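Read through the structure below, which is laid out as structure tokens, and then see the notes.
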Amino acid sequence: MPSREPAALETREVDHLVSRLLAEIKVPFDSLGTRVLNQLSDLKKILSADYVDVPALPSKPLLRELARIVENDIKQHMPALPSMPLLRELEQIVDNDIKQRAPAYGGLASLGSPQLLGHLAKIFGPREVALRAEPYRAGAGLALRGFYCRAKLGDKNKFVIFVNTAHHPGAVAATLGHELGHYIYGSLMGEKAAHTAFMEGAIANHLLEEDELFADSLVALAAYSPELIKKIGGLSQLRSGFSEDLFNRIKSAYDLIGPRYGLDFTKGKMAAAWRVRYLTSMAHFFKLRCALYKSAGV
């Protein structure tokens, strides 16, 4: 993230934008306990960051290569109707907070199909992807969305991905896409990162690491087509009165992408802290996608 601190004017604009967003997702101010306040801090960093100027944003050639992979090697090999065990779980698991049946999901959720994982292993081997998907509420609980690790299982080297299906299915799909992004990044750039990495904590921390932004870029590219970004419009820079414009664009993204993944912040019994956290993730992927379109033309 840029090192400079936001000016007072920018701070007021971000605060106004956060207030509008909280009202939109029906998070009452009397629910702003410690957990929610911590999530709001992360959300404010995401909203105020200029993603085009983030130092950790991968290079244009690398982003264009990723966009090519998403279009030719991922989207073209995702089944129209997911059939893997993970997707059956997503249809059946009743989330602790949402308490409602999740519909079948296409798009990002198909990232876990054996058909696609097998194709990626042929291209980016020698490590094959081993996917583990199950609800996890012990220990770190929902704070853990997923992780990857490089391991040897039997006589084969594996890139093991775990996703916590106790989360909303849309969040599970995004986590899976993120971990696959790490798999591809290691194949293209060399496996320089740690052998195990967890997706948890503040999403704004992803703005500090190229491999994290690359992994998030896979999710952003898979979720939002260039045509969709053109329809919504680019994001404005921080300036006086910017909050209304940014609010409208984020709301447009939510209105378009939400129904595709059954994501509704206003229904069910989702805790306020998780409404804010999922909103932060959605805003992050949307702003990142706009930056990819503006900076790399993808």
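The figures here come from the full heavy-atom set of this structure, side chains too, leaving out hydrogens, waters and symmetry mates. Position 1 is the first residue of the sequence; numbering continues from there. From a predicted model like this one, the values you see are computed outputs, not experimental measurements.
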Heavy-atom pair of closest approach, residues Lys45 and Ala204: CB-CB, 3.8 Å
Just do the side chain to side chain contact (heavy atoms under 4.5 Å, CB included) check on Leu57 and Leu288 with the steps written out, would you? CA-CA 9 Å; Leu57 192 69; Leu288 177 57; 3.9 Å; yes
Verdict with reasoning, Leu256 to Lys231, per side chain to side chain contact (heavy atoms under 4.5 Å, CB included): CA-CA 10 Å; Leu256 288 169; Lys231 180 177 181 180; 4.2 Å; yes
Could you check, using the six-membered ring where one of them is a Trp, whether Tyr278 and Phe265 have ring centers closer than 6.0 angstrom? no
Is any side-chain heavy atom of Tyr136 less than 4.5 Å from a side-chain heavy atom of Phe162? yes
Tyr183 and Tyr148 aromatic centres sub-6.0 Å: no
Rounded to the nearest 0.5 Å, what separates atom CZ in Phe285 from atom NE2 in His206? 7.5 Å
Given Glu227 and Lys230, is the salt bridge (charged side-chain N to carboxylate O under 4.0 Å, His left out) satisfied, shown in steps? CA-CA 5 Å; Glu227 293 71 28; Lys230 290 178 185 177; 5.2 Å; no
Pair His167 and Trp274, ring centroids less than 6.0 Å apart: yes
Below 4.5 Å, heavy atoms only, C-beta onward: do Leu144 and Phe147 meet side chain to side chain? yes
Using side chain to side chain contact (heavy atoms under 4.5 Å, CB included), reason through Ile69 and Glu65 one step at a time and then give a plain yes or no. CA-CA 6 Å; Ile69 291 169; Glu65 175 63 12; 3.9 Å; yes
Where the side chain of Arg132 meets the backbone of Val160, is there a donor-acceptor pair that is under 3.5 Å apart? no
Return the set of residues passing side-chain contact (heavy atoms from CB on, under 4.5 Å) with Glu71 (not counting sequence neighbours), or none when no residue passes. Lys75
Heavy-atom side-chain contact between Leu62 and Glu210 under 4.5 Å: yes
Run Lys44 and Asp15 through side chain to side chain contact (heavy atoms under 4.5 Å, CB included) and show every step you take. CA-CA 8 Å; Lys44 288 181 179 181; Asp15 287 343; 3.0 Å; yes
Using modelled atom types only, decide if a donor and an acceptor are shared between the side chain of Arg275 and the backbone of Ile25 within a distance under 3.5 Å. yes
Ala253 to Ile232 - nearest heavy-atom pair and separation: CA-CD1, 3.7 Å
With a 6.0 Å cut-off on ring centres, are Tyr51 and His284 close enough? yes
Are a donor atom and an acceptor atom from the side chains of Tyr254 and Glu24 found within less than 3.5 Å of each other? no
Side-chain donor or acceptor of Asp42 paired with backbone N/O of Ala202 under 3.5 Å: no
Donor on one side chain, acceptor on other, Glu212 and His178, under 3.5 Å: yes
Looking at His77, is its backbone amide N or carbonyl O close enough to the side chain of Gln115 to form a donor-acceptor pair, meaning the two atoms are under 3.5 Å apart? yes
Distance from Ser187 atom OG to Leu120 atom CG, nearest 0.5 Å? 9.0 Å
Quick check: closest heavy atoms across Ala273 and Gln39, and the distance to 0.1 Å? O-CG, 3.7 Å
Would you confirm whether Arg145, through its side chain, and Val172, through its main-chain N or O, come within 3.5 Å as a donor-acceptor pair? no
Does any part of the side chain of Asn164, heavy atoms only, come nearer than 4.5 Å to the side chain of Thr175, both counted from C-beta? no
Looking at Lys158, I'd like to know if its NZ atom is crowded, meaning that more than 12 non-hydrogen atoms belonging to other residues, nucleotides or ligands lie closer than 6.0 Å. yes
Leu218 side, atom CG; His182 side, atom NE2 - distance, nearest 0.5 Å: 10.5 Å
If I compare all heavy atoms of Ala283 with all of Ile250, which pair ends up nearest, and what's the gap? CB-CD1, 4.4 Å
Would you say that Arg127 contacts Lys156 through its side chain, given a criterion of any heavy-atom pair below 4.5 Å between the two side chains? no
Could you tell me whether the side chain of Glu244 reaches within less than 4.5 Å of the side chain of Arg20, counting heavy atoms only? yes
Quick check for you: to the nearest 0.5 Å, what is the distance between Leu47 atom CG and Leu40 atom CG? 10.0 Å
First locate atom OG of Ser281, then atom CD1 of Ile203, and finally report the distance between them rounded to the nearest 0.5 Å. 4.5 Å
Using modelled atom types only, decide if a donor and an acceptor are shared between the side chain of Lys287 and the backbone of Ala49 within a distance under 3.5 Å. yes
Do you know which two heavy atoms are closest between Val27 and Ala272, and how far apart they sit? CG1-CB, 4.0 Å
Quick one: does Asp245's side chain get under 4.5 Å of Arg249's, heavy atoms only? yes
Heavy atoms of Pro135 and Thr165 approach each other most closely as N-OG1, 2.8 Å
One should read off an interatomic distance between Asp73 CG and Arg68 CZ, to the nearest 0.5 angstrom, of 5.5 Å
Are any non-hydrogen side-chain atoms of Pro226 and Arg289 less than 4.5 angstrom apart? yes
